[in-house]
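Small disclaimer: the values here were computed from a predicted structure and weren't measured.
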Amino acid sequence: MGGGVVRVLVVNTQAPFVHGGAEYHADNLLASLRDAGHEADLVRIPFNWNPPRRILDQILAVRLLDITESFGQKVDLVIGLKFPAYCIKHPNKVLWILHQHRLAYEQWKPGAMGEDVAFGNNIRESIIRADNTYIPEAKKVFANSRTVAARLKKFNGIDAEVLYHPPPHVDLLQPGAYGDYVFFPSRLAEIKRQHLAVEAMRHVKSGVRLVLAGPPESEEYAARLRSMIETHRLEGQVEILGRITEEQKRALYAGALGVLYVPQDEDYGYVTLEGMHCAKAVITCEDSAGPLEFVSDRETGLVRPPDPKAVADAVDTLGADKALAERMGRQGFDLMRDLGMSWAHVVESLTS
């Protein structure tokens, strides 16, 4: 774009009433584009993948949208983020892919798209065909992590440049004392595996507590976690705070012994970066994907199999050796500094 001021639309998908990492991501990109002097706005396209047959209608709906101009003024650049928003048509489209529709890819299994397996297979094939057709329309394709880029290459044969970005409100994150708990902030969801963390606490012997924070993705999963705590008499070891403010989250990071973050096949994961910016060692799992781009075992955290006893051993390792916890936390802090992630670099990459 020659480095000048342009009219930019960020196009993202959002499930109504859901505001998580991807939504923060879009908001921060919008603010950063404006800070750089661009005239920018955000288009949020509602997306509901249940029942799965709706997905095909929503791909079509996105393709029918015309955002080449607004009230007679040309839109110079479109930046697409999530499926199916990145399928949108525009002559100057750049993609910064957060993730594809994961049920069609690495999470695929027969029945994932409904009880009619044959129809579900057709939906999956249509999603893959749409990605293979509409992603290459872009002038440039970025991914927000090596994990996402690797999936694009594996499943679609599409190359993407990795473009890292800092977590929200990074300047407000501060190291603090090393307390007696590990902190796990994330929406309560099966794929985030808070149940693995709670199960691990049955085997923790060092007295380290677990503090969970985040809204539930479903009341059923939250009830399951509470039942586990009650059944195994973990009330004094595990605390579920639910939704908290950003100020509370920063304070809990600052006072933690370490961060426990054990999702399954995470795309990126702000929790890892936030923990490291607060100089906390991060415990994660061998199959957690995104966090492993930053967590090196016994250097910036601890990496364990997704097994309750293995995770408990990692928690006890921090509890038994606070000097090690602090050393790994400081090395994570240094890694964040050395990587030099910035929104200015993101904006330059996407608009140049």
Side-chain angles (χ1 to χ4, degrees), residues 21 98-100 102-103 105-109 112 143-155 162 164 167 181-206 208 210-212 214 217 221 225 228 238 256-278 280-321 324-325 327-329 331-333 335-336 339:
L98 310 187
H99 59 73
Q100 299 166 269
R102 298 179 64 184
L103 281 178
Y105 292 101
E106 78 282 359
Q107 294 179 8
W108 170 254
K109 59 183 179 181
N144 69 324
S145 69
R146 292 201 306 267
T147 297
V148 172
R151 291 184 198 141
L152 274 167
K153 185 65 174 178
K154 176 181 177 180
F155 293 108
V162 177
Y164 286 137
Y181 63 91
V182 287
F183 185 40
F184 190 158
S186 182
R187 76 180 190 278
L188 306 181
E190 184 86 26
I191 199 167
K192 300 297 184 180
R193 294 199 300 208
Q194 283 91 352
H195 59 278
L196 173 59
V198 173
E199 184 71 22
M201 294 306 294
R202 296 178 60 192
H203 307 285
V204 168
K205 301 178 176 63
S206 59
V208 175
L210 169 64
V211 177
L212 300 171
E217 188 169 80
Y221 188 68
L225 295 177
M228 290 176 66
V238 181
L257 173 64
V259 169
L260 180 60
Y261 190 49
V262 291
Q264 182 178 6
D265 203 15
E266 178 66 273
D267 301 313
Y268 188 45
Y270 282 144
V271 175
T272 307
L273 305 180
E274 290 171 338
M276 289 183 175
H277 276 288
C278 292
K280 305 302 178 182
V282 179
I283 297 170
T284 194
C285 287
E286 294 171 347
D287 63 348
S288 290
L292 300 177
E293 300 184 30
F294 308 100
V295 182
S296 299
D297 191 44
R298 297 192 71 84
E299 293 182 14
T300 56
L302 298 170
V303 181
R304 294 292 185 267
D307 172 78
K309 290 184 179 179
V311 173
D313 177 73
V315 173
D316 281 336
T317 296
L318 297 188
D321 192 345
L324 174 64
R327 177 176 65 78
M328 292 191 296
Q331 289 177 175
F333 182 86
L335 174 63
M336 291 294 101
L339 286 174

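Here the side chains of Leu225 and Leu188 are in contact, with some heavy-atom distance below 4.5 Å. A heavy-atom distance below 4.5 Å is found between the side chains of Glu286 and Val303. Side-chain contact check for Val259 versus Val182: every heavy-atom pair is 4.5 Å or farther apart. You'll find the side chain of Leu196 reaches within 4.5 Å of the side chain of Pro306, heavy atoms only. A heavy-atom distance below 4.5 Å is not found between the side chains of Lys280 and Phe333. Inter-residue side-chain proximity for Met328 and Glu299 is flagged as unmet; no heavy-atom pair is nearer than 4.5 Å. Put simply, the side chain of Val311 reaches to within 4.5 Å of the side chain of Cys285, judged on heavy atoms. A 4.5 Å side-chain heavy-atom check between Leu212 and Val198 finds at least one atom pair inside the cut-off.
Remark: Asp321 CG to Arg327 CZ distance equals 8.5 Å, nearest 0.5 Å. To the nearest 0.5 Å, atom CD of residue Gln107 and atom CD of residue Gln100 are 11.5 Å apart. Distance CG/Asp287 to CD/Gln264: 5.5 Å, rounded to 0.5 Å. Going from atom OH of Tyr164 over to atom CZ of Phe294 covers 4.0 Å, rounded to the nearest 0.5 Å. With values rounded to the nearest 0.5 angstrom, Gln331 atom CD is found 11.0 Å from Arg298 atom CZ. Taken from CD in Gln194 to CD in Glu217, the straight-line distance is 9.5 Å, to the nearest 0.5 Å.
When atom types are taken as modelled, the side chain of Asp316 and the backbone of Ser206 share a donor-acceptor pair closer than 3.5 angstrom. Using a distance-only test at 3.5 Å, with no hydrogens or angles considered, no donor-acceptor pair links the side chain of Lys192 to the main chain of Val262. Judged purely by atom type and a 3.5 angstrom limit, Glu274 has no side-chain atom pairing as donor or acceptor with the backbone of Pro185. In this structure a side-chain-to-backbone donor-acceptor pair under 3.5 Å is present from Ser145 to Val148.
Of all heavy-atom pairs spanning Ala112 and Leu103, the tightest one is O-CD1, 4.0 Å. Between Ala325 and Leu257, the closest heavy-atom pair is CB-CD1, 3.9 Å. Across Val295 and Thr300, no two heavy atoms sit closer than the pair CA-OG1, 3.2 Å. The two residues Ala314 and Arg304 have their closest heavy-atom pair at CB-CG, 3.8 Å. The two residues Ile191 and Arg187 make their nearest non-hydrogen contact at CG2-NH2, 4.1 Å. Shown here for Ala256 and Tyr181, the closest heavy-atom pair between the two residues is N-OH, 3.4 Å.
Glu266 and Thr147 are not linked by any side-chain donor-acceptor pair at a separation below 3.5 angstrom, with hydrogens and angles left out of the test. At a cut-off of 3.5 Å, with distance as the only test, a side-chain donor of Ser288 or Thr284 sits close to an acceptor on the other residue. Between Tyr221 and His195, the side chains place a donor N or O and an acceptor N or O closer than 3.5 Å (distance only, hydrogens not considered).
Using a cut-off of 4.0 Å between Lys/Arg side-chain N and Asp/Glu carboxylate O, Asp265 and Arg151 are scored as salt-bridged. Under a 4.0 Å N-O distance rule, the pair Glu190/Arg193 does not qualify as a salt bridge.
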Exercise for the section: Determine, step by step, whether Leu318 and Ile283 satisfy the side chain to side chain contact (heavy atoms under 4.5 Å, CB included) criterion, reporting the C-alpha distance in whole Å, the side-chain angles of both residues, the deciding distance to 0.1 Å, and the verdict. Expected result: CA-CA 9 Å; Leu318 297 188; Ile283 297 170; 3.7 Å; yes
Exercise for the section: Decide yes or no on side chain to side chain donor-acceptor pair (under 3.5 Å) for Tyr268 and Glu293, but give the supporting numbers first. Expected result: CA-CA 8 Å; Tyr268 188 45; Glu293 300 184 30; over 6 Å; no
